[in-house]
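Worksheet: one structure, shown below.
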Amino acid sequence: MSLSVHIRRDRPGFTLDIGFDAPGGLTVLFGRSGSGKTSVIDAVAGLARPDAGRIVLQGRVLFDSAAREDLPPERRGLGYIFQEGRLFPHMTVRQNLGYGRRFAARRMDLSPVVEMLGIGHLLDRRPGALSGGEKQRVAIGRALLSDPRMLLADEPMAALDAARKAEILPYFERLRDETDVPILYVSHDAAEVARLATTVVAVEDGRVARIGPAAEVLGDPGVAPTGVRAIGAVIETRIAAHHPDGLTELDAGGVPLFLPHVDRPAGSPLRVRIAAHEVVLARGDPGVLSALNRLPGTISALREGEGPGMIVTLDTPAGRLLVRVTRRSAQAMGLEVGQPCTGIVKTVALAREDVGG
Amino acid sequence: MSLSVHIRRDRPGFTLDIGFDAPGGLTVLFGRSGSGKTSVIDAVAGLARPDAGRIVLQGRVLFDSAAREDLPPERRGLGYIFQEGRLFPHMTVRQNLGYGRRFAARRMDLSPVVEMLGIGHLLDRRPGALSGGEKQRVAIGRALLSDPRMLLADEPMAALDAARKAEILPYFERLRDETDVPILYVSHDAAEVARLATTVVAVEDGRVARIGPAAEVLGDPGVAPTGVRAIGAVIETRIAAHHPDGLTELDAGGVPLFLPHVDRPAGSPLRVRIAAHEVVLARGDPGVLSALNRLPGTISALREGEGPGMIVTLDTPAGRLLVRVTRRSAQAMGLEVGQPCTGIVKTVALAREDVGG
Amino acid sequence: AQTVTVFAASSLKTALDRAAPAFEGATGYDLRLVYAGSSALARQIGAGAPADVFVSANSEWMDAVADRVIPGTRRDLLGNALVLIGRTGPEVALDAGLLDRLGSGRLAMALTEAVPAGIYGRAAFEALDLWGALAPRVAEVDNVRAALALVAIGAAPLGVVYATDAAAEPRVRVLARFDPALHPSIRYPAAAIDGGGDGAIAFLDYLEGPEASEIFAAEGFEVLE
Amino acid sequence: MTFWLGPEAQAALWLSLKVSFWATVASLPLGLFVAHALARWSFPGKQVLNGMVLLPLILPPVVTGYLLLLALGPQGPLGTIGTLFAFRWTGAALAAGVMAFPLMVRAIRLSIEAVDPKLEDAARTLGAPRAWVFVTVTLPLILPGILTGAVLAFAKAMGEFGATITFVSNIPGETRTLPTAIYTFLQVPGGEVEALKLVAVSVGVAMGALLVSEWLSARVARRIAGR
Amino acid sequence: MTFWLGPEAQAALWLSLKVSFWATVASLPLGLFVAHALARWSFPGKQVLNGMVLLPLILPPVVTGYLLLLALGPQGPLGTIGTLFAFRWTGAALAAGVMAFPLMVRAIRLSIEAVDPKLEDAARTLGAPRAWVFVTVTLPLILPGILTGAVLAFAKAMGEFGATITFVSNIPGETRTLPTAIYTFLQVPGGEVEALKLVAVSVGVAMGALLVSEWLSARVARRIAGR
Ligand SMILES: Nc1ncnc2c1ncn2[C@@H]1O[C@H](COP(=O)(O)OP(=O)(O)OP(=O)(O)O)[C@@H](O)[C@H]1O
Ligand SMILES: Nc1ncnc2c1ncn2[C@@H]1O[C@H](COP(=O)(O)OP(=O)(O)OP(=O)(O)O)[C@@H](O)[C@H]1O
Ligand SMILES: [Mg+2]
Ligand SMILES: [Mg+2]
């Protein structure tokens, strides 16, 4: 286990009682406003001392109330992207970015991070002269450049526009895949979570409601911590080929899936989240449709959701697919367990945010 | 014109030169991080004085450099939800909420707002003891309760989870529809924009890139200020009936559209945004599909986008529909202008965020 | 040259500053003149300050440092007289008429329990049997120069100060003189302090000499034989 | 403590308390105003005001007292209102207040400068006029600074002597404060013990004020931190 | 200005500058440390320390000087290190520093309390040890407070008289600072004019220090506001 957190903290009106063990990679804390996500991260960072418990990062005990161990924050070697920025107001952006580098084991290069964040023109300004999103980007850069053993990111992209997000997300992915720096990440954005998470910890009212690999938690129709739109299946695929018309063909358990160009070499594995509400279910031949991806399979479960919808679980060669349909459609189509069906997904519906390595 | 803003402000490294006239309702400032949205709002609020220009709200001159008119913020009668909260740290949540009420023309009732925001259990806490999202909600409440003549909202829901957003969005809608309080709103979320906006002002680099009714700006495949996912058509409909299975049937220019229950009386108008990437295009009979909504029409335009996709404009009785397909599909289907086609949309794909009054 | 450090009451500053060059010229010693209130100087001497000579503005503080005084070197150097001053008007008799003259104003004095000029003045009024009536009308200040200032700027119609002070302030005039018999005699004792060498004695002697006496007299002091 | 203090010393103590209290309380509004002006406004002559506020700190107290006397004395330019102060305890309070003013203003100014103007802006957008913003937002946030300023002023007033005695002299029961009493004792050989007794009393009083202010400050800080 | 000041007065001026400079500079580190301890740590005896810091403000200066004399005089308990100070300019600096200490500590403490500990926390998560955090984050942010503290201390030192003359007397060229010179002039008939000349000089110097500090403070504030 790369990160093990078991802590308890009592406050008037709110009790935090969290326990989870996460493997490496990116662990997302997922939960509603006020559920205790920031509290967990603060405890891991050493900024808020739990009443009791134990926090272990890659075998290193950060906190242990029983053994009276409590590493001070500066010796935990973490990079924390705070929910509210916390830039040093008296330093220029450049100085902010460089602050942690002095203490880093390796001195990281400023320019790639600066470029990725698009803050090159801001280097000589002070935070007081930055826009909200600019501040947030600098805060991300500052944490990254401290070459941390672990990254804590509390809604790092909340104030960013979709285009900027799309530029930064791959960086987190690379961090997750190409280094062994574990990441603890808070996000409200289901697509972001699905794309990034290795492990999802669903937090509810200061407690862990569910924990598991991203595919499992997000694929569980019973878990929708932040709304029905978060429901979706995560499918493991492999890049089969890049086509000249800009499409990338994936091999999903033998079934071809097409999506907009993915900048990875052929042969590399790719994770694709298919949101349940974006799949159209067809019985028989769907005729000439613009949707390129067809996943034939068998219905393995039907589950009534809240409201007029229901979730159909479709077992396909590519893996389990979740489909959200109206009860009316289900009746009209006479859906039942065991029935063969085809899941139809538009290529362009598989947006960049839903695709990750 | 309900709000007219024509201002210029020079700063080293950034020039704001904005001019737009917005009718009533909710005007969204849409643009990338650092494009100048907050600067515009600050100028309207009277917190940052433009070098030159004129700001008029419902016939009342707030600022006019030529006439040397510059109403102080407290006399502009605005409610400002700041990007960074700005709660009064020494006051309880209740006191924060009540701050503006003393100066309001009408004393508003605390409880409905408190309830809508889910902050009832926090009333006696101080902001220091709130989570990020809780602070944001209190800030929203504080501005609403000052009974403003105009509401300025700078990414008011950035730190909120989808479920909470879904609870608050209708409030802004009601404000927009049931009162004549104009709203100037900043958001990065395309769905939010589509759902709320009466007028969209796309800001780029301190300048207005485009301005127009939401349907027009968002429906223009050439304008995608924050990414391709923001492209979509906005269709005006009317509620035809509520069905017992939880579906609401709309009348969209004679075509029935089904979506999950909408809590409005039958007969009321409803705006529906249909994201371009969520429409499946069919030629001929699509057979038995789970998707309930079919909009037959004629292709009026084909436009190559960036990457492998293209945007098909489909003229239907319900209005213009935008469909994003891959070029491969377009070729395979032999799409061309003038061809009849059916746009297929899942009921459940029309999520709450995309539907508004 | 050898340095002689002289701790002297502040009120002697003008005189000693004038006398110093002559002494230095005549003897070759360097003088270091340190002025402060007698009480401060006496405490410092008690605490071991490197003074060679102490010239106090009253006897009590010289008594207080007796154990550091080189025996046989103490002498009373100067005397002074106490006067009643005002800004204007005719001279007054030191009797109950003073109260009328004060009117609603106050009588400026140095602290009557602590500062010599005040102590002497109070003693004189007690001897005149006026203190009981005057006491509630007195404005006491921390030193005699401040009492002088009160009268000079008109904040108090009358004041009790030394003759030397009155002589130096053109804005006031002497309205009455106190009989020296009415109060303890006003004395400025001087003595050599242990550690003070020949220079100390030489300076003390110089102070009693004719040159110094002339300077003191010009300042209004009574030069004691 | 009264039983081991003579009646005179008791009178001096009560007078000192009265004088210091009023010196502090009465100069607070002006101190607040000046501190606010220096911290937040820009106007011609700002640096002059700034320097004038500092003056009593630099000047020897006697000079300050003397200047007060000149200004408020019967012949002074302010002679008419001077009668309110001359040789009265109010004058002692005035002198103490003037001497303590730089300390008070500087402390308050420092904390006003530490208040984020963005909060005040926020209050204004909610319709609050400037004065109301000051009272409801700025003032509570600078409470620690005000307390610091008040404690410094009170302590200074409890110890002030030079300007007081020069301005209003030493009239028992009217202007004879603890420090003058202490000074009196120190001027006579052997008076040290009595003086130190009074010093102890005055220190005790000031420490009490200090503790109260610390407690209040801590409360404010705790509130703002949200605990 | 030297041409209208006599050589004695000039000597007093330079000495005052030296004394005030060192009183301010030498007490700054300790002042910072104590202010930080009072603002951010909790330890037993904190309120005692707090009170002790305030003492020189409450005590009549003469008493402070007297206590210094008792402690550091040749016969005092600290007599051995006392020789470093007794009747030397260093002693004048010590006295001035002690008298100015409460002002300095209070100003610095106030600004430390105004620094958001969350910023310091952020620096620590980036790996910076506490001392480094203090130097790179806290210190620059409290610069206005330090400047205020230093200016108050310097001004106080330029004006300090009672404790200095009591502790190290009034030795020309060694401990005769401007205020003691002023005092001496005020004690002699006709010395007022000379005294006021010196007062003007001392005021001028303190105002200069004030302006410099204001300018620096404004620069810091402007930087932080991001202009
Ligand atoms: N004091 C300043 N001096 C110079 N430039 C500034 C200053 N304040 C803001 N800017 C710049 O002005 C531009 C617009 O800022 P603004 O805060 O309006 O952006 P925004 O559109 O609200 O961005 P975001 O979505 O990130 O909040 C940015 O490029 C920012 O860097
Ligand atoms: N000092 C405090 N005293 C009491 N309760 C507190 C305090 N600080 C935070 N809380 C409460 O603890 C809970 C968890 O807060 P936390 O900041 O961890 O939430 P979060 O999951 O990060 O929420 P968000 O998404 O809104 O940032 C909230 O209900 C909050 O009100
Ligand atoms: Mg949080
Ligand atoms: Mg902004």
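Keep in mind the model is a prediction, meaning the values are calculated, not measured. Convention: sequence-line order gives letters A, B, ...; per-chain numbering from 1.
- Of the listed residues (C:Ala168, C:Ser39, C:Ala166, C:Ala40), the greatest number of heavy-atom pairs within a distance under 4.5 Å of chain E belongs to C:Ala168.
- Atom CD of C:Glu208 has more than 12 heavy atoms from other residues, nucleotides or ligands within 6.0 Å.
- Between atom CD of residue E:Glu194 and atom NZ of residue C:Lys13 there is a gap of 8.5 Å, rounded to the nearest 0.5 Å.
- The backbone N or O of C:Ala36 sits nowhere less than 3.5 Å from a side-chain atom of E:Asn170 that would complete a donor-acceptor pair.
- Residues E:Leu186 and C:Arg145 have side chains not in contact (no heavy-atom distance under 4.5 Å, counting atoms from C-beta outward).
- The two residues E:Ser169 and C:Val34 come nearest to each other via the heavy atoms OG-CG1, 2.9 Å.
- Only the backbone of E:Val168 comes within contact range of chain C, judged by heavy atoms closer than 4.5 Å.
- Within a 6.0 Å radius of CG in C:Asp198, other residues, nucleotides and ligands contribute 12 heavy atoms or fewer.
- For the pair C:Arg43/E:Thr166, no side-chain contact is recorded, criterion being any heavy-atom separation below 4.5 Å from C-beta on.
- Put simply, the side chain of E:Phe167 does not reach to within 4.5 Å of the side chain of C:Gln44, judged on heavy atoms.
- Closest approach of C:Pro50 to E:Phe87, counting heavy atoms only: CD-CD1, 3.4 Å.
- By number of non-hydrogen pairs under 4.5 angstrom with chain E, the leading residue of C:Ser11, C:Ala9, C:Gly220 is C:Ser11.
- Contact of C:Tyr162 with chain E is not made at all, since no heavy-atom distance falls under 4.5 Å.
- Of the atoms belonging to C:Leu41, it is side-chain heavy atoms, and not backbone ones, that fall under 4.5 Å from chain E.
- Of the residues considered (E:Leu70, E:Thr175, E:Leu69), E:Leu69 shows the highest number of contacts with chain C, using heavy-atom pairs under 4.5 Å.
- Summarising the geometry, atom OH belonging to C:Tyr35 is positioned 13.5 Å from atom CD1 belonging to E:Ile171; distances are rounded to the nearest 0.5 Å.
- With a threshold of 4.5 angstrom between heavy atoms, C:Thr164 approaches chain E through N, CA, C or O but not through any side-chain atom.
- To the nearest 0.5 Å, atom CG of residue C:Asn143 and atom OH of residue E:Tyr183 are 5.5 Å apart.
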